[in-house]
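Notes to accompany the following structure.
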Amino acid sequence: MKYDMKLWIESFMGSHQKKPLPILSFPCVSLLGVSVRELISDSELQAEGMKLVADRTNAAAAVSFMDLSVEAECFGATVVVSDDEVPNVRGRIINDVDEAKALEIPSIKSKRAPIYIDAIRKASKLITDRPVLAGMIGPFSLAARLLDVSEIMIDCYDDPDMVHIVLEKVTAFLIEYAKAYKAAGANGIVMAEPVSGLLSPSLEEEFSSPYVKKVIDAVQSDDFAVIYHNCGDNVPKMLDSILTTGAAAYHFGNAVDMERDIISQVPSDILVMGNIDPAGVLRMGTPEKVKAETLALLQRCSKYPNFLLSSGCDIPPMTPWENIDAFFAASSEFYKQQ
């Protein structure tokens, strides 16, 4: 279903009854009675899982699976899959500038990418009462999975040309991937760029934001929004650079103080989302702890008209639904009292 996403974003500004927008999809495995391994291999299950989550919650949008291994696998990376955890990438596939130059940009029809695109196509037909957002990785974070996360930090100093070669290629791929999601019916994407949050501000400004902006400039429109996500702890130091990407909204993790470090520093016309701890609170906490943490965050940040409650990152697959329910209940309780 088509939405004017600019109006959708603006609708949150200063609203007294806001619906939260957590990055919530993988916990559908318990609703479906399947494993993560089964889920990531089946577009029908993914679409059905998104629908079940939408039916159970009053989330502001339906968000698809933040599986940041999909794009790296298309480039040839080795992916480790388990029954109860989000897939991970292992090792590196690029070791020098010659291998970077030889790296081929894969088709969006390779590996599991078509499964995720097809899942959005199906989910957008099942879920018609709110926008449907696809999940995908950001350019630097994808390059880091091909060069190895620890090695790329050194490469940015020792071999920046190689890093830029890889970034140009992964950005070209991500643009086509985002376009495919758009064509499949997605109303936008949540682009995860967490590895850039480990960089210094000057390196982030060189190796991340310009490439993120290329993707956004290529796909964002009135009916397709890009939400930028970064859960790195260096985000406050690079916030000005991140905001130059021109994303429709920004999502930050629980490594930062949402009020002190982020929302008080961002212009009031830019929507900012976050940042309940998805692991320590939502996954490992109790419903009582979830409620207390959610209410505390809302009490601190709801006075900012451009704040929208969310999780700090992707909510883990095995998160208890009583905790997720407590998160939504606390949000509803808070806004009813306002």
Indicate every side-chain donor-acceptor pair of residues 79-89 with a distance under 3.5 Å to a residue at least two apart or in another chain.
residue	atom	partner	partner atom	Å
S82	OG	E85	N	3.1
D83	OD1	R37	NE	3.0

Under 3.5 Å, side-chain donor or acceptor atoms of residues 330-338 against the rest of the protein: list the pairs with distances, not counting sequence neighbours.
residue	atom	partner	partner atom	Å
S332	OG	F328	O	3.2
E333	OE1	K291	NZ	3.4
Q338	NE2	F334	O	3.2

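By the rule that hydrophobic residues join a cluster once side-chain heavy atoms approach within less than 4.5 Å of another member, W321 and V281 end up as members of one cluster. Transitive grouping of hydrophobic side chains (ILVMFWY, heavy atoms separated by less than 4.5 Å) keeps L198 and I154 in distinct clusters. A continuous path of ILVMFWY side-chain contacts below 4.5 Å connects I94 to Y157, so both sit in one hydrophobic cluster.
Between the side chain of K169 and the backbone N or O of K101, at least one donor-acceptor pair lies under 3.5 Å. For the pair R92 (side chain) and E151 (backbone), a donor-acceptor distance under 3.5 Å is absent. In this structure, the side chain of K289 does not engage the main chain of M284 through any donor-acceptor pair within 3.5 Å. Looking only at distances, a side-chain donor or acceptor of N306 sits under 3.5 Å from a matching main-chain atom of P267.
To the nearest 0.5 Å, atoms CG (L39) and CD (E48) are separated by 10.0 Å. Atoms CE and CD1, from M66 and I23 in turn, are 4.5 Å apart once rounded to the nearest 0.5 Å. Remark: L147 CG to L167 CG distance equals 8.5 Å, nearest 0.5 Å. Here L174 contributes atom CG and I105 contributes atom CD1; the two are 10.5 Å apart, rounded to the nearest 0.5 Å. Note: H251 NE2 to M191 CE = 14.5 Å, rounded to the nearest 0.5 Å. From M136, atom CE reaches atom CD1 of I189 across 4.5 Å, with rounding to the nearest 0.5 Å.
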CA sep, side-chain torsions, deciding dist, call: R300, D257, salt bridge (charged side-chain N to carboxylate O under 4.0 Å, His left out): CA-CA 10 Å; R300 292 182 62 208; D257 184 302; 2.8 Å; yes

Intermediate values then yes/no, salt bridge (charged side-chain N to carboxylate O under 4.0 Å, His left out), E73 and K111: CA-CA 7 Å; E73 186 180 38; K111 302 295 183 178; 5.7 Å; no

Residue pair R121, D118: steps toward the salt bridge (charged side-chain N to carboxylate O under 4.0 Å, His left out) verdict: CA-CA 5 Å; R121 182 177 294 107; D118 191 45; 3.2 Å; yes

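Minimum interatomic distance between S302 and F307 (heavy atoms only, all atoms of both residues): N-CD2, 4.3 Å.
Aromatic ring pairs are classed by plane angle as parallel below 30°, tilted from 30° to 60° and perpendicular above 60°; the pair W8 and F12 is perpendicular.
With no hydrogens or angles considered, no side-chain donor-acceptor pair links S209 and T244 at under 3.5 Å. With hydrogens and angles left out, the side-chain atoms of S141 and E193 include a donor and acceptor closer than 3.5 Å.
Among pairs with a residue in residues 205-227, those fulfilling ring pair (Phe, Tyr, Trp, His ring centres under 6.0 Å) read H164-F207, H164-Y211, at least two apart in sequence or across chains.
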